[in-house]
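Beneath this line is the structure, given in structure tokens, with notes to follow.
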Number of protein chains: 2
Amino acid sequence: MTAPLHEDRPAGPGRALPDTQQGMRRRNLARVLHAVRAEGPLSRAAVASRIGLTRAAVSTLVDELIRSGLLEELGPERPGRVGRPGSALALSGRGPAGIGAEIGVDHLAVCAVDLRGTTRSRAIRQGLNRGRSPGPVLAELTELIRRVVAEAEGEGLWPAGLAVAVPGLVARDARTVVRAPNLDWHDTDLGDLLPADLPLTVDNEANFGALAELWLGDGTPRDFLHVSAEIGIGAAVVVDGGLLRGTRGFAGELGHVPVQPDGPGCACGGRGCLEQYAGEEAVLRAAGLEPDEDRVGLLAGRAAEGDEDVRRALRDAGTALGVALTGAVNLLDPESVVLGGELSGLAPWLLPSLRDELARRTAGPACPVSVSRLGPQGPLLGAAHSVVRAVLDDPATVAERA
Amino acid sequence: MTAPLHEDRPAGPGRALPDTQQGMRRRNLARVLHAVRAEGPLSRAAVASRIGLTRAAVSTLVDELIRSGLLEELGPERPGRVGRPGSALALSGRGPAGIGAEIGVDHLAVCAVDLRGTTRSRAIRQGLNRGRSPGPVLAELTELIRRVVAEAEGEGLWPAGLAVAVPGLVARDARTVVRAPNLDWHDTDLGDLLPADLPLTVDNEANFGALAELWLGDGTPRDFLHVSAEIGIGAAVVVDGGLLRGTRGFAGELGHVPVQPDGPGCACGGRGCLEQYAGEEAVLRAAGLEPDEDRVGLLAGRAAEGDEDVRRALRDAGTALGVALTGAVNLLDPESVVLGGELSGLAPWLLPSLRDELARRTAGPACPVSVSRLGPQGPLLGAAHSVVRAVLDDPATVAERA
DNA sequence: GCTATTTCGTCATGCCGATTTACAAATTAG
DNA sequence: CTAATTTGTAAATCGGCATGACGAAATAGC
């Protein structure tokens, strides 16, 4: 017994279930599903060895999952190995679907993702939402949702839930937008204005972006810092494959980390916050540009053209980001830092100075900084996938519907 | 179904066990124990209602735990309520004991804690360890351990494990001290030099201090930042009742968070790290004092006497701490910040400026800052309790020994 | 004081779910 | 073509919790 004595934070899917036989069954259903999801088509025997149950037990679990429409039998495998070939199992492409939606400053987007993680339907509507009241915007969004759901149903899917990404702070009830500065929304309960026939989850777009990064990659890293920028600079902290939300749900406010303790005052009451150096408005001002509508696009365009003022502004922003991230990295020791969301478009001009600063301030190898492959569509995908994950984490809750 | 769809990080004791019937049994044994620990003497029926099992099931679990020597029957309760009184159950005072040890710069300490959490035996040896090689120090420590274990055994306890708190970085194997600057130890495997008959865990003293704060209080908060100071400044991040360790186990390096990006250079390669403003050496220098042996005591003494230079140095250190903590609080949104370890002795002079700075930089109510009740003995208690927690989290592993 | 009521702990029974054991089916190795 | 190997399923078994009933020990009401 030399293993670590105390498990600090054991984790795994569906652990909120009671420790009774039904709970055990439900967790084992989830484990079968996760094994199949993680390692492609798998035979019953392969699943059994992966999750530590016997073939017989897995057989009954698989039967139940097939009857529920969550698993599909692909037919016999054709391998070169000795012995009877197994029958390949895969997540169903005709079962529940996760509906993801995104409310952006300049667009609305909706998509449907099946259990396998492939996007089966999508709809986008360009148009500025800044300052529009929630009612009309959500009416438009509802329209898009109806279209996407209809298309998904046409392919044999049924919607298991709706997750909405918003550019702002969301209360812990996962329904109410506390503050969305870009939209000028305050204390709005989206549940009242969206289809009531779907279970609803609302969350910050940065959080969903981080979850997308976590779920759509190769499974590593499980500990990272996901930085994205809206009007301010938000970060999501992923620890051991889960989102760190904080007591009030406000974790990740990287924009108000002090970078220059006696710098210019900030709306938050502090001085020299990162936002004053690397926030959208600050960078535009430093570059000598007027606040425009497509702000990020404008910056990226000018920088690509070679505008030296813009490039310098972005370099300086990268340096400031590096200072703030040095603090965060020292505190959290993440495996990596990922630049996501709108920031990914500016990465070519931010990254060099950011990496420099981080390396300069680190003894030994610096924390690697990468750019999200998903870019601006991370939040939408993360939202849709969060619904899918919920199904995979506890298949019993949706099995009845099938 | 309006509950949050996805559980980000479900947690609980002993969740690494397989989802089989034996695993279920083991987890339920742990849940009984935790219920009794958390809510004092409890009848079988009370436990059953707490953990959601039936009285019959709890009866068999309790029988097993009593046979193993982990629970004790105190006899019939004498309540004013109607109905047959239950038989009160309590954690055993004659079962397994957690042995905690601390290697400090100027002392060695060992204690034994029983399942109830009361310290049953202790031994301290004053004497400077700075620069001494590990061999002799650990020989002395072994001697203390033998004494404490013998005394505990005299009271009917048997040692379930040994946890050692060291002032330095510990590798993830929980045995090897990577770097302990105060002792001048490097890459030392303590397992080779300590009693081999006890399961061993080694960890940083700041981590154990934070765990003590978590376990010995009233159970709240479960999310906080525990700041302690050795030669540098270490912090431990507690999230949802568990320690955040980081990929390499280096999380919590608050001392190297930049507070003044163009400040003086630091050994870590950075500039203006917190350590340059609030580290022990920096404060001594700022106060115009020579590095003495009992550094903290010296500072506290002078400050109490009214030495204005010392007080100013501590005020400034508090301000710098406030800047660094502003960043940490923005990133993590903890419920509170706790000053522990040696820092608690200096709190009266650090706190005012620290709180000021934090409040100045925060919109809305600032994160509350408190001082650990445990003070300098937190790490030792945390170490001993970590062994006890391991037993409570999985009683089956030790039950055989009884 | 006596009885009804309430609660506790335990026992016998049953159910659920995973394991064990056995076997037929389907493939490869020789 | 036979032996070996692996898969999937069926029957029997076992472990563990739930259910329901019961005696025990207290209070409440008469």
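Values below: all heavy atoms of this structure, side chains included; hydrogens, waters and symmetry mates excluded. Reminder, nothing fancy here: chain letters follow the sequence lines and each chain counts from 1.
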(message) If you only use heavy atoms from C-beta on, which nucleotide in dG16(D), dT6(D), dA18(C) is closest to the side chain of R84(A)?
(response) dT6(D)
(request) Enter the distance from T119(A):OG1 to H385(A):NE2 here, rounded to the nearest 0.5 Å. (result) 5.5 Å
(request) Quickly work out the E77(B) CD to dA24(D) P distance and round it to whole Å. (result) 20 Å
(message) Could you check whether the side chain of Q21(A) and the base of dG17(C) have a donor-acceptor pair of N or O atoms closer than 3.5 Å, going by distance alone?
(response) no
(message) I'd like to check R94(A) versus D114(A) (side-chain heavy atoms, cut-off strictly below 4.5 Å). Are they in contact?
(response) no
(message) Under a 3.5 Å threshold, yes or no: a donor from one side chain and an acceptor from the other, between S121(B) and E151(B)?
(response) yes
(message) Using the side-chain heavy atoms of A56(A), tell me which of these nucleotides is nearest: dA18(D), dG16(D), dT20(C).
(response) dT20(C)
(message) As a test of reading the structure: which of dT19(C), dC17(D), dC8(C) is closest to the side chain of S43(B), going by heavy atoms?
(response) dC8(C)
(message) With a 3.5 Å cut-off and heavy atoms only, can you find an N or O donor on one side and an acceptor on the other between the side chain of R55(A) and the base of dG8(D)?
(response) yes
(message) Rounded at 0.5 Å granularity, tell me how far CZ in R120(A) sits from CG in L157(A).
(response) 4.5 Å
(request) Compare the minimum distances between each of dG8(D), dA26(D), dT7(C) and the side chain of P85(B), then state the nucleotide with the smallest one. (result) dA26(D)
(request) Measure from the side-chain heavy atoms of L53(A) and tell me the nearest of dA18(D), dA18(C), dT7(D). (result) dA18(C)
